[in-house]
Amino acid sequence: MSDVRQVLREANAEAVHRMLAAEPVLIDVVAAADAIPELGEGMILHAGPPISWERMCGPMRGAVAGIAVFEGWANDLDAAAALAARGAFQFRPNHDFAAVGPMTGMTTASQPVMVVENQASGNRAFCTINEGLGKVMRFGGNDASVLTRLAWLRDVLGPALGTALRSSEGIELKSLVARGLTMGDEMHQRNVACSSLLLRSLAAALASTCGDRAILTTILSFIASNDQFFLNIAMAMGKAITDPVRDIKGASVVTAMSRNGTDFGIRVSGLGDEWFTAPVEMPDGLYFPGFSAADANPDMGDSTIIETIGLGGFAMAAAPAVAGFVGAGAPSNAAQITHTMREITLAENPEWTIPALDYQGVPTAIDIRRVVETGIAPMINTGIAHREPGVGQVGAGVVRAPLACFESALWALGKRLGVT
Amino acid sequence: MSKTSELPPGQSPQRVKDTPVSLIQGSPRVINVGLSGFAEALAAQGVAVIQVDWSPPARGDADLATLLSKLSD
């Protein structure tokens, strides 16, 4: 038994080391098919653990239909849905391809993806470009305005960002996030500081590489008007940080938390790429005018990679304004939420500190043993999609990861270690 | 018969003197462990109460708790 404990102790120490040693840098924007060679015609990557068309929720189906039209695989949404129902498309999780995507998380061949390289370990991770708020594909939007914006991201913004980044040394993200934390971001539901810092870092390179002043103006306006522009970069950063933590024998550290609108799934270092799933929870949140909880879809998206690296709900103390926005109570509750997350993590990140907590580091490396023992489920900040296809975002809230995922993972880890 | 001999076995004169009297005469000061509803009810009546969050390990699942004990540092 002592041998098992020693294996666990050393494995988790290694997991924490790899997580904290990561050096994520935003280096490029390329077509998804160039980043992920397996991404061929008819293949759609989605958020969360694996799921079939039959079990997909409304907004996920809406996004699938929309992206199929966008890629030219169907003439209209109805035809796309019919093709999906006949099994014409291959559905795979983003997480299987070093990728992540917010909410519905659609990733297909021609979409541009941002490339974050973890320069401590050499791996890369990918995420599509944030579309902005309102009616957007990540929330299940799929009308002409949504597809037109996606085409602009593919044809104009993506190539321009890629050119600008390649002309520079890339943007070092660890220090940028550190500054964002001191400016009130938690990187999941509040990214206004990091989006601004990013734009400041990119502006000169964009100006020097984009020859068309009108296009440059449009690009700068698009980024500047989207407070959540940095979210997708933070997600790719999270994936780049956690991928090297996968498959450390005996480690009980969570390497991914994700949801597809039907199931919530986690992956654990010592258990490789196996998913442990449970029915996803409903967010508890605040709604835009005209919408209510009756309109809400269950929780969705790969964006919980943010909490997996100690940000989002885990860093709520850095962003007290978010607590009110997502309905998590008074801003003064924010510190308590971060304190509570310390009970289920193994470390603090000394490079990502929170001024309001006397510069304590964000709680990092979720340990499934601690989650199961305490019954404290990870706290997640999230957007809320309408449950019907094609509508889009209706609110923002908080949600807890279902404990059943962690319990089944613990049984599996015990079995893997010969302990039952 | 001495006063001490009138006490229940195991109790000292000091405990008899201090604890019950102070409980009756003073305002109650409460530490509530576990279900917060008790603390909230007392707080609503103006009673000083400290809530300690606690729940049985593994939500009371004995098999999981046993597994945890084998996997804990």
Side-chain angles (χ1 to χ4, degrees), chain A residues 1-13 15-16 249-253 268-271 276 278 333 336-337 339-347 365 367-377 400 402-420, chain B residues 4-73:
Chain A
M1 195 64 64
S2 60
D3 287 347
V4 169
R5 290 182 174 134
Q6 184 69 13
V7 167
L8 270 156
R9 196 175 302 121
E10 292 176 359
N12 282 336
V16 169
K249 183 186 175 187
S252 54
V253 169
V268 177
S269 176
L271 297 165
F276 297 90
N333 288 347
Q336 186 56 44
I337 292 170
H339 283 311
T340 302
M341 293 302 102
R342 289 191 198 291
E343 302 214 20
I344 57 171
T345 48
L346 292 173
D367 185 345
I368 60 170
R369 297 173 304 171
R370 295 194 177 187
V371 174
V372 173
E373 181 178 3
T374 62
I376 297 172
R400 294 281 189 166
L403 289 169
C405 302
F406 299 86
E407 292 169 350
S408 55
L410 189 70
W411 282 117
L413 185 65
K415 188 175 179 184
R416 186 74 64 95
L417 293 170
V419 175
T420 55
Chain B
T4 302
S5 67
E6 295 169 7
L7 298 174
Q11 286 197 1
S12 68
Q14 190 65 32
R15 289 188 64 183
V16 170
K17 181 183 175 193
D18 287 351
T19 308
V21 171
S22 63
L23 274 176
I24 294 167
Q25 293 181 341
S27 299
R29 291 168 295 165
V30 180
I31 298 173
N32 184 64
V33 179
L35 296 174
S36 60
F38 295 111
E40 291 162 5
L42 288 168
Q45 297 174 63
V47 175
V49 55
I50 293 172
Q51 168 64 19
V52 177
D53 290 332
W54 182 86
S55 60
R59 297 193 285 174
D61 183 322
D63 291 336
L64 262 178
T66 300
L67 177 63
L68 272 170
S69 71
K70 295 174 182 175
L71 295 176
S72 296
D73 287 339

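Throughout, a chain's letter reflects where its sequence line sits, starting with A, and its residues are numbered from 1.
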Greatest number of non-hydrogen atom pairs under 4.5 angstrom with chain B, of A:L413, A:L403, A:V371, falls to A:L403
A:R400: which residues meet the salt bridge (charged side-chain N to carboxylate O under 4.0 Å, His left out) condition with it, sequence neighbours left out?
none
For the residue pair [X] and [Y], what are the closest heavy atoms and their distance?
X	Y	answer
B:L68	A:R369	CD2-O, 3.5 Å
A:W411	B:D63	CH2-O, 3.7 Å
B:K70	A:V4	O-CG1, 4.5 Å
B:L67	A:G414	CD1-CA, 4.2 Å

Proximity breakdown for A:S252 and chain B, heavy-atom pairs closer than 4.5 Å:
neither
With only heavy atoms counted, which part of A:L417 is less than 4.5 Å from chain B, the side chain, the backbone, both or neither?
side chain
Separation between OG (B:S72) and CZ (A:R370), nearest 0.5 Å, reads 9.5 Å
To the nearest 0.5 Å, how far apart are CD in A:E343 and CG in B:D53?
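The distance works out to 8.0 Å.
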Measure distances from B:D61 to the heavy atoms of chain A and classify the residue's part below 4.5 Å as side chain, backbone, both or neither.
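For B:D61, no heavy atom lies under 4.5 Å from chain A.
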Looking at chain A, which one of B:A65, B:A58, B:P57 has the largest number of heavy-atom pairs inside 4.5 Å, strictly under?
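The residue among B:A65, B:A58, B:P57 with the greatest pair count is B:A58.
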